[in-house]
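Everything numeric here is computed off the predicted structure, so don't read it as measured data.
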Amino acid sequence: MNTILITGATNQIGFFLLPLLLQQGRVVALSRQAGLAPQEGLRWLQGDLQMSLQDDTFEQIETLYHLAPLPLLPTFLTRLPKVQRVIAFSSTSRFSKINAANVHEQAVAEGLQTAEKAVENTCSARGIAWTILRPTLIYGCAQDANVYFIARFIQRFGFFPLAGGGLGLRQPVHAEDLAQACLQVTGQQPCFNQAYNLSGGETLTYGDMVRMIFAGLQKPPRLLSIPVWAFRWGILMLGRLRPFRAVSLSMVERMNTDLCFGHESAQRDFAYQPRGFKPDAVALGVSKT
């Protein structure tokens with residue numbers, strides 16, 4: 001029976017992917033946080049990929065689903081002598097943040113580009129079939145820094161501020177659709193040694209996305225349009241609140257920038273069909289299952 005490893009297993013894609021993998025074979029889950037209670041077919045290891053985890057289980061892994069940060073993957077592959085198939089996640093941030101004014105965001109984009117090339121080279125040298133998936137604006141189970149962040153802000157303050165009109169286009173993608181994509185590409189030879197952008201099934205403006213989050217929270221939409229220059233002061237004030245310290249001016253400026261990525265190649269090669277944007281209670285953190 002195939003032995004499967006999933007790294008970063010507690011993230012939002014893992015939330016949906018792990019139950020699907022348990023139907024495919026023996027699963028080893030690795031994460032920094034504690035995982036699920038023991039169950040048949042599942043072994044959970046708690047630790048960091050950069051730590052010297054010594055476990056004979058790694059020597060039996062044949063298929064790897066890498067949900068942890070991509071730059072950790074090339075080195076980690078040296079611990080998997082029998083791995084034959086790798087499905088790993090990058091991000092469309094490698095394109096959208098490469099010219100960002102924020103130096104940290106530029107570094108993120110450059111790191112992803114470097115990591116993708118390293119994964120390709122490492123796998124090619126060892127004859128491992130790889131597929132890299134690049135989602136954009138993931139949501140699904142109240143863990144993301146976009147939809148869930150907006151929902152938390154609305155719940156706390158009762159409104160949401162927009163830079164200008166919030167006219168930048170978005171394509172939110174549900175984590176469950178990404179989990180399904182993992183399984184779809186695994187045995188598909190046309191997907192071997194390929195990278196795919198994975199966006200959601202609906203394109204809408206940032207402002208309309210926020211309005212739909214209000215609707216999902218069953219609240220009347222209260223959006224406040226603010227000039228970008230006025231956000232500078234607001235960000236300084238917001239940074240004093242722990243849940244919102246990650247907000248930066250570049251994030252605000254992107255409210256009016258189109259961040260769209262076609263997924264036609266994914267539709268062609270593995271019949272990728274993502275859902276439209278309809279955030280439910282689980283995605284918005286109102287209730288969790």
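- Taking the centre of each ring, Phe89 and Tyr65 stay at or above the 6.0 Å mark.
- A salt bridge links Arg94 to Glu116: at least one charged side-chain nitrogen sits closer than 4.0 Å to a carboxylate oxygen.
- With a 4.5 Å cut-off on side-chain heavy atoms, Gln113 and Ile98 count as touching.
- If you chain together hydrophobic residues whose side chains sit under 4.5 Å apart, Leu224 and Leu167 never meet in one group.
- Note that the CD atom of Gln60 and the NZ atom of Lys82 stand 4.5 Å from one another [nearest 0.5 Å].
- Note on Leu42: it clusters hydrophobically with Leu20, by side-chain heavy-atom contacts below 4.5 Å among ILVMFWY residues.
- Checking side-chain atoms of Arg211 against main-chain N and O of Gly207 turns up a donor-acceptor pair under 3.5 Å.
- Contact of the Pro81 side chain with the Phe58 side chain is not registered, since no non-hydrogen atoms from C-beta on lie closer than 4.5 Å.
- The closest side-chain heavy-atom distance from Leu17 to Leu183 is below 4.5 Å.
- The OG1 atom of Thr186 sits 7.5 Å away from atom CD of Gln24, with the distance rounded to the nearest 0.5 Å.
- In this structure the side chain of Val27 never reaches within 4.5 angstrom of the side chain of Trp44, judged on heavy atoms.
- Centroid-to-centroid, the aromatic rings of Phe277 and His174 stay 6.0 Å apart or farther.
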| field | CA sep, side-chain torsions, deciding dist, call: Leu204, Leu169, side-chain contact (heavy atoms from CB on, under 4.5 Å) | value | CA-CA 5 Å; Leu204 64 168; Leu169 297 179; over 6 Å; no
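- How far CG of Leu133 is from CG of Leu70: 10.5 Å, rounded to the nearest 0.5 Å.
- A pairwise comparison of heavy atoms in Pro74 and Ala118 identifies CG-CB, 3.6 Å as the closest pair.
- No donor-acceptor pair closer than 3.5 Å links the side chain of Ser93 to the backbone N or O of Ser96.
- At least one side-chain heavy atom of Arg85 sits under 4.5 Å from a side-chain heavy atom of Thr131.
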| query | Please walk me through it: do Leu259 and Thr92 pass side-chain contact (heavy atoms from CB on, under 4.5 Å)? | reply | CA-CA 9 Å; Leu259 299 178; Thr92 55; over 6 Å; no
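- Partner of Phe153 under the ring-ring contact (aromatic ring centres under 6.0 Å, His included) criterion, out of Phe214, Phe160, Tyr148: Phe160 alone.
- Put simply, the side chain of Asn11 gets close to the backbone of Ile13: a donor and an acceptor are under 3.5 Å apart.
- The closest side-chain heavy-atom distance from Ile61 to Val28 is below 4.5 Å.
- For the pairing with Leu64, the side-chain contact (heavy atoms from CB on, under 4.5 Å) check across Leu73, Ile87, Ile128, Ile4 returns one residue only, Leu73.
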| request: Any chance you could lay out the salt bridge (Lys or Arg N to Asp or Glu O under 4.0 Å) test for Glu202 and Arg275, step after step, and finish with the verdict? | output: CA-CA 7 Å; Glu202 184 173 1; Arg275 72 195 69 185; over 6 Å; no
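- The hydrophobic cluster containing Met209 does not contain Phe261, counting ILVMFWY residues as joined when their side-chain heavy atoms lie under 4.5 angstrom apart, directly or transitively.
- For Tyr272 and Tyr196, the distance between ring centers is not under 6.0 angstrom.
- Atom CG in Asp177 sits 11.0 Å away from atom CD1 in Ile138 (nearest 0.5 Å).
- In this structure, His66 and Leu49 have side chains that are in contact, with non-hydrogen atoms separated by less than 4.5 Å.
- Scanning all heavy atoms of the two residues, the minimum distance from Ala29 to Ala9 falls at CB-CB, 3.8 Å.
- Cluster membership check: Val147 shares its hydrophobic cluster with Phe149, using side-chain heavy-atom separations under 4.5 Å among Ile, Leu, Val, Met, Phe, Trp and Tyr.
- A single hydrophobic cluster is not seen to contain both Phe192 and Phe270; linkage of ILVMFWY side chains at heavy-atom distances under 4.5 Å, directly or through other members, places them apart.
- The two atoms that bring Gln171 and Ser199 nearest to each other are OE1-CB, 3.5 Å, heavy atoms only.
- The closest donor-acceptor contact from the side chain of Thr7 to the backbone of Leu30 lies at 3.5 Å or more, if one exists at all.
- No donor-acceptor distance shorter than 3.5 angstrom exists from the side chain of Asp48 to the backbone of Arg32, with no hydrogens or angles considered.
- Interatomic distance, Leu198 CG to Thr136 OG1, rounded to the nearest 0.5 Å: 10.0 Å.
- Residues Arg254 and Glu105 are paired through a salt bridge, judged by an N-O separation under 4.0 Å between the basic side chain and the carboxylate.
- Closest non-hydrogen pair, Ala142 versus Leu284, comes out as CB-C, 4.5 Å.
- Atom CD1 of Ile132 sits about 11.0 Å away from atom CG of Asn197, to the nearest 0.5 Å.
- With hydrogens and angles ignored, the 3.5 Å screen pairs no side-chain donor or acceptor of Ser124 with any backbone N or O of Asn121.
- Contact record, Pro279 with Tyr139: CA-CE1, 4.3 Å, taken as the closest heavy-atom pair.
- The two atoms that bring Ser31 and Thr10 nearest to each other are OG-CG2, 3.6 Å, heavy atoms only.
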| query | Could you go step by step and tell me if Arg26 and Thr3 meet the side-chain hydrogen bond (donor to acceptor under 3.5 Å, both in side chains) rule? | reply | CA-CA 5 Å; Arg26 294 187 299 268; Thr3 301; 3.0 Å; yes
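- Between Gln155 and Val286, some side-chain heavy-atom pair lies under the 4.5 Å cut-off.
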